[in-house]
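Heads up, the thing below is written out as structure tokens.
Basis for what follows: all heavy atoms, side chains included, without hydrogens, waters or symmetry-related copies. We name chains A, B, ... by the order of the sequence lines, and we start the count at 1 in each one.
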There are 2 protein chains.
Amino acid sequence: MTTRKATAEAPALPLNQILAGDCIEVMNALPEGSVDLIFADPPYNLQLKGDLHRPDNSKVDAVDDHWDQFSSFSSYDRFTQGWLRAARRLLKPNGAIWVIGSYHNIFRVGAAMQDAGFWMLNDVVWRKSNPMPNFKGKRLTNAHETLIWASREESAKYTFNYEALKALNDGVQMRSDWVLPICTGHERLKDDNGDKAHPTQKPESLLHRILIASTNPGDVVLDPFFGTGTTGAVAKMLGRDFIGIEREEAYRKVAAERIERTRKFDASGLEVTGSKRAEPRVPFGQVVERGMLRPGEELFSIGNRFKAKVRADGTLIGNDIKGSIHQVGAAYEGAPSCNGWTYWHFKRDGKMIPIDILRQQIRAEMEADQRQQH
Amino acid sequence: MTTRKATAEAPALPLNQILAGDCIEVMNALPEGSVDLIFADPPYNLQLKGDLHRPDNSKVDAVDDHWDQFSSFSSYDRFTQGWLRAARRLLKPNGAIWVIGSYHNIFRVGAAMQDAGFWMLNDVVWRKSNPMPNFKGKRLTNAHETLIWASREESAKYTFNYEALKALNDGVQMRSDWVLPICTGHERLKDDNGDKAHPTQKPESLLHRILIASTNPGDVVLDPFFGTGTTGAVAKMLGRDFIGIEREEAYRKVAAERIERTRKFDASGLEVTGSKRAEPRVPFGQVVERGMLRPGEELFSIGNRFKAKVRADGTLIGNDIKGSIHQVGAAYEGAPSCNGWTYWHFKRDGKMIPIDILRQQIRAEMEADQRQQH
DNA sequence: GTCACCGTTGAATCAGATC
DNA sequence: CGATCTGATTCAACGGTGA
């Protein structure tokens, strides 16, 4: 357990702990603007009428716990508005939230999120690869749950590790529908009687993807409906800090033991494929200053349809067009924008070479300098 | 065109016609309790800001039509409550409704449906096999839309052709996620300029499945946002009666011509199902997400000459080389390509085991899930 | 006729830093 | 705050062309 140091205006943040109590009260006691991500799996407001039996007459162990009973939509809405408001207060300006639910509650939750000022980024479908069938044959197999990913506000610069998720998906852009198995087998926690410790334990694979997507190592992740602590366990594995809030003593106990058993991954495994946007910017002028291209040298467009000459200040001059490598490229192509680094080529030994090669050389030198300074 | 005969209290029902005007007014002029099913594709209230360009600089033809503009959430909510109330009045007591939407509007619509007294049966995810990508890499590919299927009231004895849907799904119980392509090719209607006649035309396959699931031949299906008439065309094919309501003259014209061209199916010549599924692709990232290999764990090349570490996003890191299991293998071998699944091994009890074993385990689980549903 | 290749397109809340 | 500038970014399917 750790705490992040208190300042004059804000009390300390209780990191990697499970806090007891009502989540709204507990959240309101924490300092505002202090959390990077919230993952919330609120009660589903399931309206089950009587017991459900399988065709063989065995009873389905349904969610009928007292914490999931709400007398009406409006009382559920008040509950939802309350915890969403407290959650939004806790988030940093660039923070984000994930909420999971089913058709029983997710529409009310989603509308309340929009009303509270959250800005939707995606809705994500968790497509269960092994759902419970619909035994009565009266409806479709309820084979998915819905997640909503939203930033605290429209202007937020939210975290999204695009390249990492693309890597997770074998090199193609990750979609809004995720196929993952439900939580079963050894991962499913049991109580002392051998029954499932929590009726709706989420799979660690789901949290793994969420945390890789929308947090960085060292971020603070809060889960106001902690349950058996899947969020905390995966956060620990991935080197994120967590704050859990859970009302039920029994769940807190199971979660604490679970997280105690959990081990953090190697630091080397936590690094993730980065984005090109994060690489240092290299002005084209440096290429000229360093003599990699000489003033007066000709550059050729991709496809060799246009030419332009390098000038000493790192601009180009073509037919009546002067400007940066990007501006001249865009003008020639009649395009709204153009990446000059990949558009322009120079000639060496009769071969056309993209000028981006030169930028890569400069970046490699910069990295070498970095290492030398250590 | 036909009309169902008028009675003392109710005027005639204008079957297989496209009615002009505002859908709320037109619905209120029709006799209550007269319709078996409603399919509604209301405006989504997209809130698009500037232009969007693809990486090749072509401009995306966005939905910027006047009918999708609302000044605020509350004005959209009033619109939604209005048409839902009129729709519910029209439905027979055992009637049902389908509404389709995206994350921009579906949560508000779903909450309004519950508030209006509709009883949710399923939410259904239309997983698009060929969605538009996220061009800027800022979010997940928005690869699905959500449908809500609800009965007029909780006690309704709604229509559900369970066996027909099971047959449509190769004998396996139909799930709540449907993989269908978007509407392209010859099915996509064009205007006289060769541009798309409607920005959001839905595929006939989607309506086909909906009407097979929740109507019987001779049922009356109403679509208050008729557009280019997909609902009417599929209803005609399947021997259902339709009522379309559409405000825009241009859409009514296209829809009328389309339905005129459409032919009812032979009673005999019905289904053409049964496509072979290719062996499912398993991203290596799933092996990590599912905890079969831990981030930081070492993999060994075939022949044990090279090593690399697993990262949390399913990439490998070796000596200065990062990338997919295939890329790092190819780099080490100096080969143009490499099958990472057979190249890399992990160590268990001192033995080297190819990671392909893990892929086989995942595939076996996926197949077992299929069988379980029989 | 076949196949490889290329251009086009789809309900999208799609940039970020610096001046 | 706004204006300006750099430069990062896409997947599947369909249709047409030409070898």
Salt bridge (Lys or Arg N to Asp or Glu O under 4.0 Å) contacts in which one or both residues fall within residues 42-53 of chain B, not counting sequence neighbours: A/E154-B/K49, B/D51-B/K59

Mind checking [X] for me? I need base, sugar-phosphate or nothing, with any heavy atom below 4.0 Å counting as a touch.
X: A/R359; answer: sugar-phosphate
X: B/K59; answer: nothing
X: B/T141; answer: nothing
X: B/N142; answer: sugar-phosphate
X: B/P42; answer: base

Where at least one partner belongs to residues 153-177 of chain A, residue pairs that pass ring pair (Phe, Tyr, Trp, His ring centres under 6.0 Å), sequence neighbours excluded: A/W149-A/Y158, A/W149-A/F160

Side chain to side chain contact (heavy atoms under 4.5 Å, CB included) against A/A156, all qualifying residues, sequence neighbours excluded: A/N94, A/S151, A/E153

Sidechain N-carboxylate O distance under 4.0 Å for B/D177, A/R127: yes

Euclidean distance, atom [atom1] of residue [X] to atom [atom2] of [N] [Å, nearest integer]:
X: A/D123; N: C/dA12; atom1: CG; atom2: P; result: 14 Å
X: B/L48; N: C/dG10; atom1: CG; atom2: P; result: 14 Å
X: B/D56; N: C/dG10; atom1: CG; atom2: C1'; result: 13 Å

5' priority, DNA chain D, between B/K136 and B/P133 [closest heavy atom]: B/K136

Gap in Å between the two P atoms, one belonging to C/dA12 and one to D/dG7, rounded: 29 Å

Structure string for DNA chain C in dot-bracket form, Watson-Crick and G-U at under 3.5 Å, | interchain: .|||||||||....|||||

DNA chain C contacts among residues 176-194 of chain B, heavy-atom distance under 4.0 Å: B/I182, B/R188

Close residues, residues 114-122 of chain A, relative to DNA chain C [heavy-atom separation under 4.0 Å]: A/W119, A/M120

ring-ring contact (aromatic ring centres under 6.0 Å, His included) between B/F70 and B/F79, intermediate numbers included: CA-CA 9 Å; B/F70 294 85; B/F79 161 76; 5.2 Å; yes

Cation-pi, A/F107 ring and B/R108 (6.0 angstrom, 45 degrees): no

Candidate pair B/H53 and B/F135, rule ring-ring contact (aromatic ring centres under 6.0 Å, His included), full reasoning: CA-CA 8 Å; B/H53 293 89; B/F135 296 117; over 10 Å; no

Identify all pairs in which a protein N or O lies below 3.5 Å from an N or O of nucleotides 4-6 of chain C, and state each distance.
none

Any residue meeting side-chain hydrogen bond (donor to acceptor under 3.5 Å, both in side chains) with B/H104, in chain and number order, not counting sequence neighbours: B/S102

side-chain hydrogen bond (donor to acceptor under 3.5 Å, both in side chains) partners of A/W98, counting only residues at least two apart: A/S214

Earlier contact from the 5' end, DNA chain C, for B/G137 and B/K196: B/K196

Interface limits on DNA chain D, where chain A has a heavy atom under 4.0 Å of a nucleotide atom: D/dC5 to D/dC11

Sub-6.0 Å ring centroid separation between B/F225 and B/W83: yes

Of residues 329-345 of chain A, the positions that come close to DNA chain D - non-hydrogen atoms, cut-off under 4.0 Å: A/S337, A/C338, A/N339, A/W341

Please tabulate the protein-to-nucleotide N/O contacts below 3.5 Å involving nucleotides 16-19 of chain C, giving atom names and distances.
| from | atom 1 | to | atom 2 | distance (Å) |
| --- | --- | --- | --- | --- |
| C/dG16 | OP1 | B/K138 | NZ | 2.7 |

